[in-house]
2 protein chains.
Amino acid sequence: MTKEISYKERKVITIGVVSELTGLSERQIRYYEERKLIFPERSPKGNRKYSFADVEQLIDIANKREEGVQTYEIRQDMLKRKRAEDEKAIRKEMLRGQINARFGIQKE
Amino acid sequence: MTKEISYKERKVITIGVVSELTGLSERQIRYYEERKLIFPERSPKGNRKYSFADVEQLIDIANKREEGVQTYEIRQDMLKRKRAEDEKAIRKEMLRGQINARFGIQKE
DNA sequence: CGTGTAAGGAATTCTGACACG
DNA sequence: CGTGTAAGGAATTCTGACACG
């Protein structure tokens with residue numbers, strides 16, 4: 001079960017490029033990170049690095065902000081969605097467990 | 001016929017990150033551009049921007065170089081492959097033309 | 001709360017050139 | 001030919017802070 005990271009998830013884009021891609025100011029992008037809406041990685045010397053997925057996330061955030069949604073609410077929605085995802089993953093895991101219990105453990 | 005550019009093709013990666021990703025020095029990366037092996041775009045202020053496809057291309061180049069292949073030869077191979085691609089595309093186009101001629105022009 | 005801005009410093013990138021082999 | 005490096009300058013990014021509302 002190798003953890004291959006797709007082009008979409010690889011964190012390789014600098015904040016300047018993200019700013020161009022999203023139309024957001026660097027200030028805004030950094031602020032959304034402070035509000036825990038986005039989680040860039042850091043290069044060896046501390047520069048932020050974003051993925052295409054992050055860019056799309058930021059575009060969603062920008063749209064919500066334009067509608068007047070506050071960062072706090074956006075974060076709550078994100079957490080809610082995250083929880084739903086996690087539960088789905090757990091149900092899937094449990095189902096697999098039952099199948100294995102009845103029909104034996106299979107190599108994947 | 002919209003020209004959507006995939007994550008793989010979007011030129012968004014700076015030379016420093018490409019250097020990390022490929023293990024090549026920035027000097028080498030710029031030199032391969034000079035030898036027309038790689039074609040980054042430029043940001044508004046002149047900074048090179050690469051795609052994931054470029055990164056993979058550079059890794060191929062690095063492997064060839066390790067085998068002792070010269071940049072000139074690598075370029076010749078690239079051009080040869082490019083020509084084969086183009087001809088394939090042309091044959092496909094001609095076939096479409098014949099189909100249209102017999103069965104009428106269809107909207108795509 | 002969300003964003004702009006000036007501040008100072010550190011890291012990045014660029015080009016053209018000299019070096020070596 | 002392919003790559004390293006020092007050089008000088010311009011652009012990028014970072015953080016912490018003050019401002020406004």
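Since we're looking at a predicted model, the values are computed, not measured. In what follows, every chain begins at residue 1, and chains take the letters A, B, ... in the order their sequences are listed.
The two residues P44(B) and E20(A) come nearest to each other via the heavy atoms CD-OE2, 3.7 Å. Here the shortest heavy-atom pairing between E33(A) and R48(A) reads OE1-NH1, 2.8 Å.
Between the P atom of dT3(D) and the CG atom of L58(B) lies a distance of 12 Å, rounded to the nearest Å. The distance from atom CD of E66(A) to atom C1' of dT3(C) is 15 Å, rounded to the nearest whole Å. Across the protein-nucleic acid pair, K49(B) atom NZ and dT13(C) atom C1' stand 13 Å apart, rounded to whole Å. Atom pair I29(B):CD1 and dT15(C):P shows a separation of 14 Å (rounding to whole Å applied). One can place CD1 of I15(B) at 18 Å from P of dA11(D), the figure rounded to the nearest angstrom. We find that CD1 of I13(B) is positioned 16 Å from P of dT12(C), with the value rounded to whole Å. Separating the CD atom of E33(A) from the C1' atom of dC14(D) is a distance of 11 Å, rounded to the nearest angstrom. In this structure, Q28(B) atom CD and dC14(C) atom P are separated by 15 Å, rounded to whole Å.
R102(A) CZ: 12 or fewer foreign heavy atoms inside a 6.0 Å radius.
Look at Y32(A) and you'll find a side-chain N or O under 4.0 angstrom from OP1 or OP2 of dT3(C). Between R48(B) and dT15(C) there is a side-chain polar atom (N or O) within less than 4.0 angstrom of OP1 or OP2. Residue Y31(A) places no side-chain N or O under 4.0 Å from the OP1 or OP2 atom of dT3(C). In this model, the phosphate group of dT15(C) is approached by a side-chain N or O of R42(B) to a distance below 4.0 Å at OP1 or OP2.
Residue-to-nucleotide proximity on DNA chain D shows that, of G16(A) and R27(A), the 5′-proximal contact is made by G16(A). Each of E26(A) and Y50(B) was matched to the nucleotide of DNA chain C holding its nearest heavy atom; the match closer to the 5' end belongs to E26(A).
Comparing atom distances between the R65(A) side chain and each of dG2(D), dA11(C), dG2(C) picks out dG2(C) as nearest. When each of dG2(C), dC14(D), dC14(C) is scored by its nearest atom to the side-chain atoms of R30(A), the top-ranked nucleotide is dC14(D). Taking only side-chain atoms of K45(B), from C-beta outward, the nucleotide of dT12(C), dG4(D), dT12(D) with the closest atom is dT12(D). Of the candidates dG2(D), dA11(D), dT13(C), the closest approach to any side-chain atom of T14(B) belongs to dT13(C).
Note on Y7(B): it clusters hydrophobically with I59(A), by side-chain heavy-atom contacts below 4.5 Å among ILVMFWY residues.
Across every strand in view, dG4(D) sits in a pair with dC18(C) that passes the Watson-Crick or G-U test at under 3.5 angstrom. Pair assignment for dA10(C) gives dT12(D), based on Watson-Crick or G-U wobble hydrogen-bonding distances that are each under 3.5 Å.
For the side chain to side chain contact (heavy atoms under 4.5 Å, CB included) test with K64(B), the passing option among L37(B), T71(B), I74(B) is I74(B); the others fail.
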